[in-house]
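Chain identifiers are assigned alphabetically (A, B, ...) following the order of the sequence lines, protein sequences preceding nucleic acid strands; residue numbering begins at 1 within each chain.
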Amino acid sequence: MPELPEVETTVRGLTPVLAGQRLATVEPRRADLRKAIPPDLRQRMQGAVVTALGRRAKYGLVDTDRGDTMVFHLGMSGRWRVDPAEPLAHDHLLIETEAGRRLALNDPRRFGFLDLLRTDAVDAYPPFAAMGPEPLGPDFTAAYLLDALAGRAAPIKAMLLDQRIVAGLGNIYVCEALHMARIAPSREAGRISLPRLERLAEAVRAVLVSAIEAGGSTLRDFAAPDGELGYFSKQFLVYGREGEPCACGGAVKRRAESGRSTFWCPRCQRS
DNA sequence: CCGACAACCTGACGGC
DNA sequence: TGCCGTCAGGTTGTCG
């Protein structure tokens with residue numbers, strides 16, 4: 001389920017369980033997810049104290065007092081289960097703290113992965129090195145977008161999904177942000193005016209912030225033994241709503257492009 | 001540079 | 001009931 005807000009909610013949910021805690025056991029249940037799990041992950045994480053948790057784009061970060069950072073990516077179907085009553089199929093990593101809290105990283109499709117870095121080398125991690133700014137950070141501005149999109153003929157939707165332009169957006173929140181900004185997904189990225197980019201940057205921030213706030217309200221569910229970390233699909237205005245009415249009176253349309261669905265309202269998202 | 005497509009993998013859902 | 005096709009939040013690479 002994980003775009004930036006889901007990963008942020010996940011990290012916030014893991015923090016009270018892990019921060020400051022010593023890891024009694026760290027047990028990979030298989031050798032690989034999308035990529036091989038580092039063979040020394042257990043040895044380097046077990047017995048370490050978690051000093052901080054963080055997030056970069058859609059990646060979760062777990063720092064330890066040994067100078068290591070465990071990176072997790074949830075792919076399409078990954079989630080952490082907190083204090084699970086019993087193991088489930090697709091629990092690929094089990095963690096228990098000395099305080100007796102337990103975590104299971106569950107990922108049926110295994111598009112996610114785990115990695116282990118030196119904390120001082122996180123910025124040089126290849127997936128991060130070429131990444132654009134955080135959309136909720138100070139560098140994500142209309143002026144930045146104007147520069148980053150200059151000369152680009154691709155549709156704005158494709159550019160917002162490109163992690164080198166801005167880091168952390170996925171299909172759902174790109175559709176939602178373009179709708180809020182009233183910009184057509186197919187609009188040529190390099191030809192959007194500064195005022196409209198201002199509207200777009202603000203829409204991206206607003207969509208993410210409200211999703212994180214909504215996610216925050218599920219932290220209790222998240223922490224429950226069988227907790228689900230769900231999308232707040234009820235608050236989506238276009239995603240998954242093909243044929244339903246838009247607030248403007250138009251009808252939400254859907255188009256498949258390169259294997260992904262785009263949802264938008266042609267009435268209020270004109271060019 | 002751009003778009004299309006495939007690959008990785010499982011599960012949910014609808015139609016018949 | 002069950003079988004089959006379709007679709008799903010991401011990332012990476014190839015090909016024209």
Practice item. Could you go through the side chain to side chain donor-acceptor pair (under 3.5 Å) check for A:T51 and A:D63 one step at a time? Key: CA-CA 6 Å; A:T51 51; A:D63 295 349; 4.9 Å; no
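Counting to the nearest Å, the P atom of B:dC9 and the CG atom of A:D107 are 12 Å from each other. Rounded to whole Å, the distance from CG on A:N171 to P on C:dG10 is 6 Å. Atom P of nucleotide C:dG10 and atom CZ of A:R34 are separated by 13 Å, given to the nearest angstrom. Atoms CE (A:M76) and P (C:dG10) sit 6 Å apart, rounded to a whole Å. In this structure, A:E188 atom CD and B:dG3 atom C1' are separated by 14 Å, rounded to whole Å. Per the geometry, CZ belonging to A:R30 stands 14 Å off P belonging to B:dC8, to the nearest Å. The separation between A:D162 atom CG and C:dG10 atom P is 13 Å, rounded to whole Å. As a whole-Å value, the separation of A:I156 CD1 from B:dC2 C1' is 15 Å.
A:M45 is not connected to A:V49 by any chain of hydrophobic side-chain contacts under 4.5 Å among Ile, Leu, Val, Met, Phe, Trp and Tyr, and they are in different clusters.
A perpendicular orientation is assigned to the rings of A:F72 and A:W80, their planes being inclined by more than 60° (bins at 30° and 60°). By the 30° and 60° cut-offs, the orientation of the rings of A:Y144 relative to A:F140 is tilted.
At least one side-chain nitrogen or oxygen of A:K58 sits closer than 4.0 Å to the OP1 or OP2 atom of C:dT11. Using a 4.0 Å cut-off, some side-chain N or O of A:S261 falls inside it from OP1 or OP2 of C:dA8. A:H73 has a side-chain polar atom (N or O) that falls below the 4.0 Å cut-off from OP1 or OP2 of C:dT11.
Look at the P atom in both B:dC9 and C:dC3: the space between them is 23 Å, to the nearest Å.
Taking the ring centre of A:Y59 as origin, the terminal cationic atom of A:R56 falls outside the region bounded by 6.0 Å and 45° from the ring axis.
Place A:H90 and A:A153 on DNA chain B by their nearest nucleotides, and A:A153 ends up nearer the 5' end. A residue-by-residue look at A:R254 and A:M131 shows that A:R254 has its nearest nucleotide of DNA chain C further toward the 5' end.
With hydrogens and angles ignored, no donor-acceptor pair closer than 3.5 Å exists between the side chain of A:R260 and the base of C:dA8.
Using a 4.0 Å heavy-atom distance criterion, A:R110 is classed as a sugar-phosphate-only contact. Residue contacts shown for A:P155 are limited to sugar-phosphate atoms, with no base heavy atom under 4.0 Å away.
Listed candidates were C:dA8, C:dG10, B:dC1. Nearest to the side chain of A:R152 is B:dC1. Distances were taken from every side-chain heavy atom of A:Q163 (C-beta onward) to each of C:dG10, C:dT11, B:dC2; the shortest belongs to C:dT11.
Look at A:F111 and the base of B:dC8; the rings stack, centres closer than 5.5 Å and planes less than 30° apart.
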